[in-house]
Amino acid sequence: MTISIQGISVSRGIAIGKVHRIKDDQIDAPEYIIQKKQVTDEISRLNDAMKNAREELRAIRDRIPTSTSKNIAEFINTHLLMLEDNALTEEPIRIIKENLCNAEWALKLQCDALVNVFDEMADTYLSTRKDDIEHVVNRILRILLKQKPILDELPHEHLKNKLVVADDLTPADTVLMQHYGIAAFATEFGGSTSHTAILARNLRIPAVVGLHGAKKLIKNDDYAILDGDSGIILINPDETVLNHYKNKQKEVKKYHTSLEKLKDAPAKSIDGINITLMANIELPSDFETVRDVGAAGVGLYRTEFLYMNRKSPPSEEEHYETYIDVIKALRGLPLTIRTVDLGADKEVDGMGRRSTHMRSNPALGLRAVRLCLKEPEFFRPQLRAILRASAFGPIRIMIPMLTNLNEMQQVLHMINELKNELDNRSILYDKKIKIGGMIEVPASAICADIFAKQLDFLSIGTNDLIQYTMAIDRINDEVNYLYDPLNPAVLRLIQITINAGEKANIPVSMCGEMAGEKEHTKLLLGLGLKEFSIHPATMLEVKEIINQTNISELEELTKKALMNNNV
Ligand code: PEP
Ligand code: MG
């Protein structure tokens with residue numbers, strides 16, 4: 001009998017083959033009391049284990065095949081940086097001294113404390129960073145307990161073409177497994193924004209996560225199908241199911257090969273309307289893919305990752321150096337830097353802020369530009385760094401979560417002050433730098449015409465626009481049924497924004513997930529959208545639909561969608 005288990009799809013593609021189950025990666029930290037005179041030895045034991053963990057990670061980084069994107073090493077570097085962080089180098093030592101406990105237990109207490117902080121974050125991207133902490137701590141624990149790395153226990157050839165099933169996988173495991181030629185992976189835990197998930201997409205490994213209970217149902221050497229498109233794993237499929245998926249696999253392969261030729265083709269509708277396709281980028285590792293898919297530039301560079309895994313906000317110089325690296329990587333393509341979108345629910349160490357208490361309804365609280373204006377000393381270094389970097393390549397500034405005109409004017413004023421400061425110090429910047437705003441709050445969509453008069457471009461953030469229009473928390477499963485991009489209220493706000501941009505003769509882009517979902521492409525074209533900013537992984541699919549569409553024929557579809565939900 002075929003068993004089917006549904007998880008979360010994180011990386012597309014179909015894989016068929018034998019399962020290899022990676023054994024349970026839970027490491028139980030023993031707890032025991034030590035004597036005062038043993039404290040120094042215990043600390044040395046911990047320090048040695050940390051040193052070994054660093055060496056292991058460096059060795060893995062060196063084993064990354066040269067054919068793999070250079071930036072993949074960034075994922076390993078993130079773990080190496082954690083091994084240098086005071087939270088792991090000093091806190092466990094303090095716990096050993098204070099509690100007179102063994103190194104493993106001190107490490108476990110500190111890991112639990114860090115994970116709790118991340119658990120409280122309502123932002124999915126940030127909350128999944130706790131996976132990284134657990135992976136790093138498990139590595140140290142394993143060394144302290146003299147256990148072998150899970151993957152090292154296997155002959156590597158054994159993993160070739162296998163569907164790997166595990167509790168969870170670290171980014172380092174993922175890189176190694178790709179090297180060993182695995183066909184796909186599935187994990188019991190993890191979310192779609194974990195580093196491992198991002199890596200799977202980058203490395204094009206079909207993957208499904210969040211398969212709760214899978215371990216009980218999947219055995220080693222089971223024959224299985226992993227469908228990364230729908231997030232399903234099918235165990236011991238019968239002949240009919242197997243043939244269906246083998247055909248589907250062939251079709252998908254053919255489809256993707258056929259899309260390749262679109263890389264250098266313009267995005268242009270049948271009736272000759274040019275559409276701009278830009279990329280959404282989050283991590284330095286994503287920049288290489290911008291050129292791979294022939295994107296016209298970066299329409300959304302989320303800068304929140306700069307603030308993670310650290311105690312204080314990045315300095316102006318750190319911002320500046322990062323942006324310069326990005327500009328170099330883009331070799332002349334335009335870069336839209338979104339100023340930091342943290343706050344309230346997205347409290348991270350790296351914000352270095354004083355007010356840390358949580359409020360109810362954090363999504364409606366002090367976040368993004370609201371936080372930046374309340375704490376200008378937190379905002380200015382980023383703005384100044386963007387301005388300085390703009391002397392070296394085409395950069396645009398994009399402000400998230402604008403709600404009223406006063407906020408916009410305050411930001412514009414602050415940018416002008418910084419420009420004057422730079423002028424006084426004879427520091428170069430792009431004097432005509434374009435400043436745009438994200439339209440992701442209904443209030444700003446309704447008044448988009450007023451914003452459009454003072455800004456150089458608008459970008460519709462549907463992820464938030466849908467949440468605020470439908471009065472639901474975008475990460476709350478219980479109200480997820482209301483998270484509907486096709487609700488006429490959402491579509492009307494999108495249309496108002498596009499019309500406002502057209503009237504003011506400024507570009508309007510869409511950078512929320514909706515822009516990259518090909519089932520919505522025609523409707524968005526019908527609403528008049530001319531610029532899409534999407535994840536590189538789905539860009540060619542969207543381009544294909546654009547190139548097959550006659551926009552002048554979409555009037556009926558668009559009218560219907562604006563009136564009801566059944567398009
Ligand atoms: C959005 O809200 O659509 C958006 C692109 O921003 P984020 O998902 O980072 O909030
Ligand atoms: Mg947003």
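The model shown is predicted, which means the values in this text are computed figures rather than measured ones. Remember, it's 1-based here, ligands and their atoms both numbered in the order they're listed.
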Report yes or no: does Glu440 have an N/O/S atom closer than 2.8 Å to the Mg ion (ligand 2)?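 A backbone or side-chain N, O or S atom of Glu440 is under 2.8 Å from the Mg ion (ligand 2).
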Of the listed options (Glu440, Glu304, Met510, Arg367), which comes nearest to atom 2 (O) of ligand 1 when hydrogens are ignored and any heavy atom counts?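 Of the listed residues, Glu440 has the closest heavy atom.
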Look only at the side chain of Ser269 and the backbone of Asn547, and say whether a donor-acceptor pair between them is shorter than 3.5 Å.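 Checking the backbone N and O of Asn547 against the side chain of Ser269, no donor-acceptor pair under 3.5 Å is found.
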Lys/Arg cation over aromatic Tyr301: Arg338, 6.0 Å, 45° cone: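 Verdict for Tyr301: no cation-pi partner in Arg338.
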Given that the side chain starts at C-beta and the backbone is N, CA, C, O, which of these parts of Leu465 lies under 4.0 Å from ligand 1, counting heavy atoms, or is it both or neither?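 None of Leu465 does.
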Could you tell me, atom by atom, which parts of ligand 1 come under 4.0 Å of a heavy atom of [X]?
| X | value |
| --- | --- |
| Met438 | 4 (C), 5 (C), 6 (O) |
| Asp341 | 10 (O) |
| Gly461 | 1 (C), 2 (O), 3 (O) |
| Leu300 | 5 (C) |
| Asp464 | 1 (C), 2 (O), 3 (O), 10 (O) |

Of the N, O or S atoms in Asp464, the one nearest the Mg ion (ligand 2):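 Checking each N, O and S atom of Asp464, the shortest distance to the Mg ion (ligand 2) belongs to OD2.
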Under a plain distance cut-off of 3.5 Å, with no hydrogens placed, do [Y] and [X] share a side-chain donor-acceptor pair?
| X | Y | answer |
| --- | --- | --- |
| Thr462 | Glu513 | no |
| Ser533 | Asn280 | yes |
| His256 | Glu260 | no |
| His319 | Glu316 | no |

Has Met514 got any heavy atom lying under 4.0 angstrom from an atom of ligand 1?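 Met514: no contact with ligand 1 (<4.0 Å).
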Could you tell me whether ligand 1 has any atom less than 4.0 Å away from a heavy atom of Glu513?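 The answer is no: ligand 1 sits nowhere under 4.0 Å from a heavy atom of Glu513.
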Distance-only donor-acceptor pairs under 3.5 Å for side chains of residues 501-512, two or more places apart:
none

Show the nearest heavy-atom pair for residues Leu493 and Thr469, with the distance to one decimal.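 So the two residues come closest at CD1-OG1, 3.4 Å.
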